[in-house]
Protein chains: 2
Amino acid sequence: MDESKPGRVAPTRATISDVARQAGVSIGTVSRVLNKARNVKPALQRRVLDAAAALDYRPDSFAQGMRSKKTHVIGVIVPDLRNPLSSEAAAGVEEELTQQGYSFFLANSRYERGREENILNEFARRRVDGIIAILARDQDPRTVEQLRRLPMPVVLLEREIGTEFDAVRTDQVQGTYRATRYLAALGHRRIALITVPTDNMSGRYRFQGYAEALADVGTEVSADLVHMGGYTRDYAVNAAYSVLSMRNKPTALIVSGGMLPGVLDAMRQLNLSIPDELSLVVLGDTELAALTRPGITAIRYDWAQTGRVAARLTISRIGGSETPPERVIVPYEFILRESCQELAPGD
Amino acid sequence: MDESKPGRVAPTRATISDVARQAGVSIGTVSRVLNKARNVKPALQRRVLDAAAALDYRPDSFAQGMRSKKTHVIGVIVPDLRNPLSSEAAAGVEEELTQQGYSFFLANSRYERGREENILNEFARRRVDGIIAILARDQDPRTVEQLRRLPMPVVLLEREIGTEFDAVRTDQVQGTYRATRYLAALGHRRIALITVPTDNMSGRYRFQGYAEALADVGTEVSADLVHMGGYTRDYAVNAAYSVLSMRNKPTALIVSGGMLPGVLDAMRQLNLSIPDELSLVVLGDTELAALTRPGITAIRYDWAQTGRVAARLTISRIGGSETPPERVIVPYEFILRESCQELAPGD
DNA sequence: CTCTGGAAGGAAAACGTTTCAAATATAAAT
DNA sequence: ATTTATATTTGAAACGTTTTCCTTCCAGAG
């Protein structure tokens with residue numbers, strides 16, 4: 001019925017046979033011209049190209065995918081769309097993929113394993129050429145098993161599973177080590193840590209850097225200063241609240257970027273000021289850290305860069321690269337602001 | 001060669017004919033069971049379902065799309081992945097689409113028309129079932145024409161083109177009106193406005209609300225107080241810098257959320273304090289506005305909600321809804337913080 | 001002039017679904 | 001027991017590509 005509507009252009013797209021007819025050749029020839037263009041006389045080639053242009057022909061990606069098994073689509077799975085890690089990484093992936101002619105599905109697991117499983121299944125069903133994943137948990141054997149079964153290359157972002165998958169990550173160990181040593185150099189010894197659980201790489205490596213730095217200055221990790229039990233803002237608020245209202249409270253605090261809002265919130269409630277009453281370093285720089293007053297000293301991670309690297313790596317795997325799994329580590333940057341203070345000897 | 005590797009599961013997925021063979025029925029029956037399941041005897045239905053489960057069968061989405069013309073994919077195009085409007089809207093869209101069994105392509109135009117055009121073409125080629133778009137410019141005739149030609153429903157987000165497309169947007173007119181009136185009620189008359197250009201809806205409606213409010217308090221718009229020439233952070237810094245270093249500088253400033261960082265940056269450079277030297281209202285609430293000190297009074301827009309509504313609307317259009325184009329307006333919320341001060345009579 | 005071999009182009013198969021027409025089985029009505 | 005209507009199931013076409021296998025051309029060699 002639409003066909004007859006006067007004002008409406010018929011919505012039927014030209015197919016390859018339309019082009020073939022218009023150019024007076026077989027569809028096979030059209031396909032050959034449009035793809036490799038081998039063994040076709042220049043004259044014919046022109047005719048085909050002209051016909052295709054005239055008809056505004058675009059190959060149907062479903063027919064292509066059906067036949068050639070290549071979709072030029074990559075699946076990207078993140079745990080929390082609103083977290084800067086996710087959005088920055090997605091932005092980096094986007095930059096690189098677009099440039100290389102790929103599209104991508106974006107999916108959000110919300111840190112739920114069930115969702116993650118469904119998403120991976122859906123990606124497989126949709127025959128994505130590759131997957132870039134920031135997993136909720138990288139130690140769950142079911143997840144690992146599912147990844148192993150996937151017929152397309154998988155690149156992990158900010159996560160690690162043994163050495164069998166490509167992985168791109170920021171240097172959380174060194175970054176956190178540096179943050180801790182920086183505070184220690186200012187005289188702090190009671191340094192609290194609020195970040196994500198150890199069931200993914202970020203938490204594990206952050207704790208490792210923290211613990212190593214403390215050990216190097218001859219201090220032991222004190223369990224009551226470490227809160228690594230959740231991902232949410234509420235968790236951060238509660239953790240900060242409880243650690244900052246201890247009788248013998250810490251003089252410094254290291255918090256991950258996604259939890260900074262919660263910590264600032266708690267500090268406001270407790271009416272604690274930075275840096276007089278608490279020195280603060282954030283793992284992962286954000287606009288909030290940069291622009292709040294005083295500015296928060298930060299370990300900056302270039303997540304967009306990890307995204308770009310992961311995208312390039314994925315594409316090279318799709319291209320058939322068979323080298324052993326890579327492990328790329330993107331360095332951190334230390335951003336000095338005004339949130340830390342030398343500890344007065346008496347404190 | 002992979003087939004023979006001992007440790008590797010053969011990566012060939014089961015097809016519908018495998019299921020048919022296993023269940024001892026025709027492929028047509030399998031298809032019917034898996035889709036509508038009408039007119040199939042319960043016994044057979046069980047057999048088919050069991051077979052499908054046993055083989056871990058998942059219909060190939062390319063074959064499906066090829067035949068049925070439905071892809072269950074929606075294309076989402078945003079102008080700036082790092083802007084809260086984009087990421088919040090994407091998150092809202094994601095919530096709703098996932099729940100309804102849709103996947104989505106996410107693409108980033110970076111406010112460039114050429115990219116936008118390519119993205120729309122790519123979406124068409126990939127036969128997305130519908131498109132949700134935050135356009136770079138909603139007044140460009142070429143963009144409009146391209147949208148008209150698209151064979152799938154398009155829902156505009158935070159943009160409007162006449163009345164021929166569905167559009168979901170926040171109430172920028174009223175929000176900005178309210179912000180302006182609020183400042184006026186505190187005695188301010190020299191109120192600056194820094195936001196995006198008028199070549200998309202947000203800029204137009206913000207200016208409208210601003211101008212109406214000023215008119216209602218008997219003040220004229222003063223061109224040197226209005227900066228609506230760019231989208232970037234750099235633009236915001238420069239605009240704020242120039243407007244705040246005027247001899248007769250404004251006593252209050254309204255800025256859009258994406259540009260708040262730039263404004264705060266400029267204020268820091270100029271060493272201006274809030275609210276003593278400048279009252280500030282931000283259009284679009286963000287974490288930065290909420291957590292910086294003092295907190296910035298904000299007009300909050302629920303972009304995630306617009307995303308959800310747009311997703312629902314898109315799906316209903318895909319379902320064949322033929323009602324006239326809708327125009328949904330999501331209300332604003334006034335968030336009072338500490339960034340505004342009553343103007344002293346002498347000022 | 002015939003033969004050979006490579007280049008160029010065509011015809012048709014295949015990809016895995018959905019859907020439609022036809023065939024068969026079942027139930028109801030006579 | 002037939003006939004008729006209805007419910008179920010089958011078989012095959014169709015979707016728009018890519019690709020494989022042929023056939024046809026031609027040029028150069030013998």
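What you see is a predicted model, and the numbers here were worked out from it, not measured in a lab. Heavy atoms only: backbone and side chains are in, while hydrogens, waters and symmetry mates are out. First the proteins, then the strands, lettered A, B, ... as listed; each starts at 1.
Crowding of A:Lys69 atom NZ: a count of heavy atoms from other residues, nucleotides or ligands under 6.0 Å exceeding 12.
No side-chain N or O of B:Thr306 forms a donor-acceptor pair with one of B:Arg169 less than 3.5 Å apart. If you check the side chains of B:Thr71 and B:Asp129, you find a donor sitting under 3.5 Å from an acceptor.
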Atom pairs under 3.5 Å, N or O on each side, protein against nucleotides 12-18 of chain C: can you list them with distances?
from	atom 1	to	atom 2	distance (Å)
C:dA14	N3	A:Arg67	NH1	2.9
C:dC15	O3'	A:Lys69	NZ	3.3
C:dT17	OP1	B:Tyr57	OH	3.2
C:dT17	OP1	B:Asp60	N	3.3
C:dT17	OP2	B:Ile16	N	2.6
C:dT17	O5'	B:Tyr57	OH	2.9
C:dT18	OP1	B:Asn35	ND2	3.3
C:dT18	OP1	B:Gln64	NE2	3.2
C:dT18	OP2	B:Ser31	OG	2.7
C:dT18	O2	B:Arg67	NH1	2.8

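One interatomic measurement links the two molecules: NZ of B:Lys70 to P of C:dT19, which rounds to 11 Å at whole-angstrom precision. The distance from atom CG of B:Leu44 to atom C1' of D:dT10 is 12 Å, rounded to the nearest whole Å.
At C:dG10, one or more side-chain N or O atoms of A:Thr29 fall inside 4.0 Å of OP1 or OP2 (strictly under the cut-off).
A salt bridge links A:Glu122 and A:Arg125; the closest N-O separation between the charged side-chain nitrogens and carboxylate oxygens is under 4.0 Å.
Contact detail for B:Arg47 and B:Gly24: the closest heavy-atom pair is NH2-O, 3.7 Å.
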